Student: 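This is the structure, below, for whatever I ask next.
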Protein chains: 2
Amino acid sequence: MENRCENCIIRQFNSLRALNKDDLKKVSDSKISRKIKKGEALFVEGQKLDGVFCVRNGVSKLSKLSANGKEQIVKLTNIGEIMGQRSVIAEDFTNLSATAINDMEVCFIPKEIISNTLNTNPNFSLEVLRHLAHDLKEADDVIVNMSQKTVKQRLAEAFIYLKKNYGEDENGFLTLTLSRDDYANIIGAATESLIRMISDFKKKGLIKTEGKKIGVVEIDRLQELVDGF
Amino acid sequence: MENRCENCIIRQFNSLRALNKDDLKKVSDSKISRKIKKGEALFVEGQKLDGVFCVRNGVSKLSKLSANGKEQIVKLTNIGEIMGQRSVIAEDFTNLSATAINDMEVCFIPKEIISNTLNTNPNFSLEVLRHLAHDLKEADDVIVNMSQKTVKQRLAEAFIYLKKNYGEDENGFLTLTLSRDDYANIIGAATESLIRMISDFKKKGLIKTEGKKIGVVEIDRLQELVDGF
DNA sequence: TCTAAAACATGATAATTGTCACTTTTTACA
DNA sequence: TGTAAAAAGTGACAATTATCATGTTTTAGA
């Protein structure tokens, strides 16, 4: 009984906060906890989802394959986030794949519970609306960044984002460790270009590396880069 | 009395279709019709909106200025679309500017009416959710296109989109006439590059031009370009 | 712990796209 | 309807970024 939604603080960070005791009980009774290993997929592009995932722990990437076989990472998830909302709401196939970047714990909530609650609890609908609205705004920002910023600026921005969003360890390395490939797919560049740029940033003292780990050294200078010197 | 929402077919294309007679009356009583001239702004980035706009006629661009002063067009609106939903729902500043591309007729609906209806009519909330979900999916697609496709491919895609979405006149020219600048800002390229590419497409017989007007000649070959030959 | 596969890295080169400077054409409106 | 401003267009060139080839290091798992 330890894993009841009623006792889960995570829900304060997502739309489930709008649920009353009754609704919450229903969700809790029907949810299924799952562990996802690093590299495993939660769902893939084009799939029908019969529920949403609530992220208790770990980080996943939401990505899309383009015709030429390249992956574009559209978003990294945060703890507390609900995944799969869009396609459950639109009763649509998923437009993105979700893959665990590190080991994850998620709760799966069947779509019937979600739609029922949407139909009966206007507060919940409003919360979901707000979250979608937020996602949409962020997506717009990504569009602008992709088309108006150079690869170098996008990389600098990514480091700042990763530091602010996921933090760093006691030695100043980013908590979230990404492969070079993932970095390349976030900023939309060739892996080789990305690697060169990391070397460059390191040479300039903006970041430090230790194997896969990367640490932000001069966040202000990175920000200057983003703003265009 | 001719301009009552009750008699407006446009609403079948947007979330207002979920309104019952009562709700619709309230909307209709409080809405204000407005004409917007080509080039005029409906709202600008960073503004607080106290309502949404329902597009009766004309097309507008939703765009964002980047730090370097360049404009990125994120979306073109369609007839029937509701604009400003996101920021009214999130009770947030607009993240985009809306500018009329040709003369427009819009209805302004005060935000109180919208929020009230959201609070009381779950069907309306669901409809709005579906529309936001759709917008979000489209935004994801744009992100992938921006980062994975070449400027040439994005231009080819834009022509196909404009033809399918806004149609063409009796002479085979696109109904929606955009400036070269707007084209450049849609596909995220320098205006000069865009102009060169248009010349190139024309030389290859893919499109035809007559002043500002552009006509799609070989849609299949444009599609081949998009798909990567 | 050995080994193949995956990830990381670097050089050389090419393709794409942007920038700057300028001319020509079109458009708006005084 | 004349004219200034805006938009369209072109050339030369530079910067950015991708591609290909190849070598090195790291990692996972038999």
Side-chain angles (χ1 to χ4, degrees), chain A residues 37-40 61 66-72 99-103 145-158 177-203 207-214 225-226 228-229, chain B residues 37-40 61 66-73 99-103 145-156 158 177-203 207-214 225-226 228-229:
Chain A
K37 282 246 181 69
K38 175 180 173 173
E40 237 180 278
K61 56 180 176 183
S66 66
N68 56 46
K70 271 200 173 174
E71 182 190 30
Q72 173 64 35
T99 313
I101 283 187
N102 43 36
D103 290 351
N145 276 345
M146 280 296 170
S147 73
Q148 307 258 340
K149 294 203 170 126
T150 64
V151 171
K152 193 183 288 186
Q153 289 177 308
R154 299 205 294 272
L155 180 60
E157 205 163 36
T177 302
L178 297 172
S179 70
R180 302 296 195 252
D181 254 325
D182 282 341
Y183 270 109
N185 295 338
I186 288 172
I187 66 177
T191 307
E192 296 94 323
S193 302
L194 177 274
I195 289 175
R196 268 182 255 275
M197 231 155 264
I198 287 183
S199 307
D200 188 49
F201 277 21
K202 191 179 172 180
K203 209 175 295 169
I207 60 171
K208 58 183 177 180
T209 68
E210 198 181 290
K212 274 175 119 72
K213 290 198 150 298
I214 295 181
L225 257 182
V226 174
F229 323 119
Chain B
K37 281 247 182 68
K38 176 179 172 172
E40 238 181 276
K61 57 181 176 183
S66 66
N68 56 47
K70 271 200 173 174
E71 182 190 29
Q72 173 63 35
I73 296 178
T99 315
I101 283 186
N102 42 36
D103 290 351
N145 276 344
M146 280 296 170
S147 73
Q148 306 258 340
K149 295 204 170 123
T150 63
V151 171
K152 195 184 287 186
Q153 290 177 308
R154 298 205 294 272
L155 181 59
T177 302
L178 298 172
S179 70
R180 302 296 194 252
D181 255 324
D182 281 340
Y183 270 108
N185 295 338
I186 287 172
I187 65 177
T191 307
E192 296 93 325
S193 303
L194 176 275
I195 289 174
R196 267 182 255 275
M197 231 156 264
I198 286 183
S199 307
D200 187 49
F201 277 21
K202 192 180 172 180
K203 208 175 296 167
I207 60 170
K208 59 183 177 180
T209 69
E210 198 183 291
K212 274 174 120 72
K213 290 198 150 299
I214 294 181
L225 256 181
V226 174
F229 324 118

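The structure displayed is predicted, hence computed values, not measured ones. By convention in this document, chain letters (A, B, ...) are assigned in the order of the sequence lines, proteins followed by strands, and residues within each chain are numbered from 1.
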Student: Can you list every pair that meets salt bridge (Lys or Arg N to Asp or Glu O under 4.0 Å) and has a residue in residues 178-196 of chain A, with sequence neighbours left out?
Tutor: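 Salt bridge (Lys or Arg N to Asp or Glu O under 4.0 Å) check on residues 178-196 of chain A returns A:K61-A:D182.
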Student: Which of these passes side-chain contact (heavy atoms from CB on, under 4.5 Å) with A:L155: A:I186, A:T150, A:I187, A:D200?
Tutor: A:I187
Student: Going by side chain to side chain donor-acceptor pair (under 3.5 Å), name the residues that satisfy it together with B:K149, two or more places apart in sequence or in a different chain.
Tutor: B:N145, B:E157
Student: Show the numbers, then the answer: is there a side chain to side chain contact (heavy atoms under 4.5 Å, CB included) between A:Y183 and A:I214?
Tutor: CA-CA 11 Å; A:Y183 270 109; A:I214 295 181; 3.8 Å; yes
Student: Over all strands shown, is B:S199 touching base, sugar-phosphate only, or nothing at heavy-atom distances under 4.0 angstrom?
Tutor: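 The residue B:S199 makes sugar-phosphate contact but no base contact.
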Student: Does A:Q72 use its side chain to pair, donor to acceptor, with the backbone of B:Q148 at less than 3.5 Å?
Tutor: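 No; judged by distance alone, with no hydrogens or angles, the pair does not exist.
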Student: Using a 4.0 Å heavy-atom cut-off, write out nucleotides 11-29 of chain C from 5' to 3' as B (base contacted by protein), S (sugar-phosphate only) or - (no contact).
Tutor: BB----SBBB---------
Student: Can you tell me how far C1' of C:dA9 sits from OH of A:Y183, to the nearest Å?
Tutor: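 Rounded to the whole Å, the gap is 17 Å.
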Student: Please round to the nearest 0.5 Å and tell me the distance separating atom CZ of B:R154 and atom NZ of B:K152.
Tutor: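 Reported to 0.5 Å precision, the distance equals 13.0 Å.
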Student: Does some side-chain heavy atom of A:N185 sit less than 4.5 Å from a side-chain heavy atom of A:K70?
Tutor: no
Student: Is there a donor-acceptor contact under 3.5 Å from the side chain of B:T209 to the main chain of B:K213?
Tutor: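 Side chain of B:T209 to backbone of B:K213: no pair is present.
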Student: Could you give the angle between the helix axes at the two ends of the helix from C:dT1-D:dA30 to C:dA30-D:dT1, with five pairs per end, rounded to 10 degrees?
Tutor: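 One end's axis against the other's: 50°.
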Student: Would you give the length of the straight line joining atom CD of B:E40 to atom NZ of B:K38, rounded to the nearest 0.5 angstrom?
Tutor: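 B:E40 atom CD to B:K38 atom NZ measures 13.0 Å (nearest 0.5 Å).
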Student: On DNA chain D, reading 5' to 3', which nucleotide is the first and which the last to sit with an atom under 4.0 Å from a heavy atom of chain B, could you check?
Tutor: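 Listed 5' to 3', the contact boundaries are D:dA7 to D:dA12.
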Student: Among residues at least two apart in sequence or on other chains, which ones pass side chain to side chain donor-acceptor pair (under 3.5 Å) with A:S193?
Tutor: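 Not a single residue meets the side chain to side chain donor-acceptor pair (under 3.5 Å) criterion with A:S193.
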